[in-house]
Amino acid sequence: MKPEYDLSKMQKRPNPFAKQLKEQVTIPLRIDVIEYFEMMAKEEGISYQELINLYLQDCVVSRRKLSLK
């Protein structure tokens, strides 16, 4: 590193991506649900975990609610 870089004078700033961080959770899912998302994920070329995350994120954005009747 060049001596003219004095990193001790750098100011802290908040991480702009902090709200987009993920938290690992454990959810018991039925085997048929996992198989469905694995099949769909294979078609899209992504992991089934990422596909489930995208689906749930879409539910959040669209404020979709499940009818339990």
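Nothing here was measured: the structure is a model prediction, and the numbers come from that model. Side chains are part of it too, since the values below use all heavy atoms of this structure and drop only hydrogens, waters and symmetry mates.
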List for me each residue that meets side-chain hydrogen bond (donor to acceptor under 3.5 Å, both in side chains) alongside [X], sequence neighbours excluded, and say none if there are none.
X: K22; result: E50
X: R13; result: none
X: R64; result: D58

With a 6.0 Å cut-off (strictly less than), is the heavy-atom count around CD of Q49, excluding the residue itself, greater than 12?
yes
With sequence neighbours left out, write down each residue that passes side chain to side chain contact (heavy atoms under 4.5 Å, CB included) with E35, or none if nothing qualifies.
I31, E38
L66: what forms a side chain to side chain contact (heavy atoms under 4.5 Å, CB included) with it, not counting sequence neighbours?
L68
Scan residues 24-33 for pairs that pass side chain to side chain donor-acceptor pair (under 3.5 Å), counting only residues two or more places apart or in two chains.
R30-D32
Students should find that the hydrophobic cluster of I27, defined by side-chain heavy atoms under 4.5 Å apart, otherwise consists of V25, L29, V33, I34, Y36, F37, M39, M40, I46, Y48, L51, I52, L54, Y55, L56
To the closest 0.5 Å, what do you measure between NZ (K42) and OG (S47)?
14.0 Å
OG on S67 to NZ on K65, rounded to 0.5 Å
11.5 Å
